[in-house]
Amino acid sequence: MYQSARQELHTLRDLIRYGVSRLNGAQVALGHGSDNAWDEAVYLTLHALHLPLDTLEPFLDARVVREERDRVLDLLERRVTERVPAAYLTNEAWLRGHRFYVDKRVIVPRSPIAELLDQGLSPWVQDATAVENVLDMCTGSGCLAILSAMAFPYAHVDAVDVSADALEVARRNVDDYGLQDRLDLHESNLFDSLPACQYDVIICNPPYVNSGSMDVLPQEYRHEPHLALAGGEDGMDLVRRILAAAPQYLTPDGVIVLEIGHERDFFEAAFPQLSPVWLDTEEASDQLLLLTREQLTL
């Protein structure tokens, strides 16, 4: 089928339709930027042909030359046979309209925290322009740190990760966005090597996948760094350490926004004394929470 496709597919519409069928037929796992085979096929096709990712309609019935067709089909075939997220094949991920360089040293950017940063965490942060210091813990690619610098235009941002490899990726993204003067990267095991500072906002997308879920992750997710996903038996190993230390690093009115994925039950079992605000977005429910410094010190 794959070889015959090289002869019988002539337009973008043909290639995308074939891509959807190929992805669905192979039952690839999605969730690294797209949640359906159509969007994935469109993205891979447009990327392979160096076409604008937001301009499909004018090109749908355009014919492709053999070299272009081969490029699209080769990319689709790698997606299916290697079971890697598309972002690792293209070395880019898009989050809230912003492009970030990625490779297998970091998880693929997809945190719903990014949607909250569109509005500067309003209404929980009343004045984004008054925020002076922001911390992004477990920064990975640096995507949330960069979006924080955009959301809080007068803030200095510190981004922390224990992985030197991840910080190399983050450095590339910080440089791409020209934020070297406002965003510092720190190699640290959580707060251990972080200089003393009081933050108005801490955001964190830590490893939180519980061990049972880690054992049954689809193959695509197994290409991501284990260190960035695994959160221990109940997924709360690092969360416990983060919340224990956070009050020392928050201003009196400071807040921490934490992503815990589908681990709400485990979170509530681990922290029965806490009553966080659960933050819903268009894409996520019961996956994000907000706590104030006051709540963490009661």
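FYI, the numbering just counts along the sequence from 1. Atoms considered below: every heavy atom in the structure, side chains included; atoms not considered: hydrogens, waters and symmetry mates. This structure is a prediction, so every number in the text was calculated from the model and none was measured.
- Annotation: Q119, atom CD; neighbour count of heavy atoms from other residues, nucleotides and ligands within 6.0 Å does not exceed 12.
- Residue P225 comes nearest to I107 through the heavy atom pair CD-N, 3.9 Å, listed as atom of the first residue, atom of the second, then distance.
- With sequence neighbours left out, the ring pair (Phe, Tyr, Trp, His ring centres under 6.0 Å) criterion links Y43 to H47.
- Using a 4.5 Å heavy-atom threshold, the side chains of E92 and L53 count as touching.
- Here L46 contributes atom CG and L12 contributes atom CG; the two are 6.5 Å apart, rounded to the nearest 0.5 Å.
- There is no path of hydrophobic side-chain contacts, each under 4.5 Å, that joins V28 to Y88.
- Here the CD atom belonging to E263 is positioned 8.0 Å from the OH atom belonging to Y208, to the nearest 0.5 angstrom.
- Side-chain atoms of R22 do not come within 3.5 Å of backbone N or O of E77 as any donor-acceptor pair.
- Listed for the R79 side chain is a donor-acceptor partner under 3.5 Å among the backbone atoms of V84.
- Side-chain atoms of H226 and M214, non-hydrogen and from C-beta on, do get closer than 4.5 Å to each other.
- Residues L190 and I242 meet the side-chain proximity criterion, which asks for heavy atoms closer than 4.5 Å.
- With hydrogens and angles ignored, the 3.5 Å screen pairs a side-chain donor or acceptor of H156 with a backbone N or O of R182.
- Looking only at atom types and distance, the side chain of T251 has no donor-acceptor partner in the side chain of D253 under 3.5 Å away.
- The CZ atom of F266 lies 7.5 Å from the OG atom of S213; values are rounded to the nearest 0.5 Å.
- If you take CG on L289 and CG on L279, they are separated by 7.0 Å, rounding to the nearest 0.5 Å.
- Between the side chain of Q295 and the backbone N or O of S275, at least one donor-acceptor pair lies under 3.5 Å.
- Proximity of Y221 to P218: side-chain heavy atoms (C-beta onward) are separated by under 4.5 Å at one or more points.
- Between V134 and A155, the closest heavy-atom pair is CG2-CB, 4.0 Å.
- Ring geometry for Y249 versus F191: interplanar angle under 30°, hence parallel rather than tilted (30 to 60°).
- Proximity of a side-chain donor or acceptor of E115 to a complementary backbone N or O of E282 within less than 3.5 Å is detected.
- Taking hydrophobic clusters as Ile, Leu, Val, Met, Phe, Trp and Tyr residues chained together by side-chain heavy-atom distances below 4.5 Å, V20 shares a cluster with L76.
- To the nearest 0.5 Å, atoms CD1 (I260) and CG (D286) are separated by 8.0 Å.
- Shown here for L44 and L75, the closest heavy-atom pair between the two residues is O-CD2, 3.5 Å.
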(request) Take L116 and L290, measure what side-chain contact (heavy atoms from CB on, under 4.5 Å) needs, and give me the verdict at the end. (result) CA-CA 11 Å; L116 300 177; L290 180 144; over 6 Å; no

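- Taking 4.5 Å as the limit, every side-chain heavy atom of R71 sits out of range of all side-chain heavy atoms of D74.
- The number of heavy-atom neighbours closer than 6.0 Å to CD of Q180, taken from other residues, nucleotides and ligands shown, is above 12.
- Summarising the local packing, CD of E67 is surrounded by more than 12 heavy atoms from other residues, nucleotides or ligands at distances under 6.0 Å.
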(request) Show the numbers, then the answer: is there a salt bridge (charged side-chain N to carboxylate O under 4.0 Å, His left out) between R241 and D237? (result) CA-CA 7 Å; R241 293 175 56 196; D237 282 4; over 6 Å; no

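- Side-chain atoms of N173 come within 3.5 Å of backbone N or O of S141 as a donor-acceptor pair.
- Across R240 and D234, no two heavy atoms sit closer than the pair NH2-OD2, 2.6 Å.
- Summarising the local packing, CD of E268 is surrounded by more than 12 heavy atoms from other residues, nucleotides or ligands at distances under 6.0 Å.
- Using a 4.5 Å cut-off on side-chain heavy atoms (C-beta onward), L144 and S111 make contact.
- L135 has its side chain within reach of L194: a pair of non-hydrogen atoms, C-beta onward, lies under 4.5 Å apart.
- A donor-acceptor pair under 3.5 Å links the side-chain atoms of D14 to the main chain of T11, judged by distance alone.
- In the hydrophobic cluster analysis, where Ile, Leu, Val, Met, Phe, Trp and Tyr join through side-chain heavy atoms closer than 4.5 angstrom, V157 is grouped together with V125.
- In this structure, the side chains of I146 and F100 come closer than 4.5 Å at one or more pairs of heavy atoms.
- Rounding to the nearest 0.5 angstrom, the gap separating the CG atom in L258 from the CG atom in N205 is 8.5 Å.
- Heavy-atom contacts from other residues, nucleotides or ligands closer than 6.0 Å to CD of Q198 number more than 12.
- Residues L217 and V108 are members of separate hydrophobic clusters, defined by side-chain heavy-atom contacts under 4.5 angstrom among Ile, Leu, Val, Met, Phe, Trp and Tyr.
- Shown here for Y177 and R99, the closest heavy-atom pair between the two residues is OH-O, 2.8 Å.
- D200 places no side-chain N or O within donor-acceptor distance of the main-chain N or O of G254, the cut-off being under 3.5 Å.
- Under a cut-off of 6.0 angstrom, the local environment of NE2 in H10 is crowded, with over 12 non-hydrogen atoms contributed by other residues, nucleotides or ligands.
- Remark: the backbone N or O of E187 is not paired with any side-chain donor or acceptor of D161 at under 3.5 angstrom.
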(request) Output, in order, the C-alpha distance, side-chain angles, deciding distance and verdict of side-chain contact (heavy atoms from CB on, under 4.5 Å) for N133 and D158. (result) CA-CA 8 Å; N133 291 289; D158 286 320; 5.6 Å; no

Identify all side-chain donor-acceptor contacts of residues 58-66 below 3.5 Å with residues at least two apart in sequence or on another chain.
{"unit_1": "D61", "atom_1": "OD1", "unit_2": "R13", "atom_2": "NE", "d": "2.8"}
{"unit_1": "D61", "atom_1": "OD1", "unit_2": "R13", "atom_2": "NH2", "d": "3.4"}
{"unit_1": "D61", "atom_1": "OD2", "unit_2": "R13", "atom_2": "NH2", "d": "3.1"}

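- Listed by chain and number, the residues in a side chain to side chain contact (heavy atoms under 4.5 Å, CB included) with A151 are L117 (sequence neighbours excluded).
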(request) Carefully, step by step, assess E224 and R110 under the rule salt bridge (charged side-chain N to carboxylate O under 4.0 Å, His left out). (result) CA-CA 13 Å; E224 296 187 292; R110 54 186 179 273; 2.8 Å; yes

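- Shortest non-hydrogen contact noted between I113 and E259 is CD1-CB, 4.0 Å.
- The same ILVMFWY cluster, assembled from side-chain heavy atoms under 4.5 Å apart, contains both V277 and I203.
- Using a distance-only test at 3.5 Å, with no hydrogens or angles considered, no donor-acceptor pair links the side chain of Q219 to the main chain of R83.
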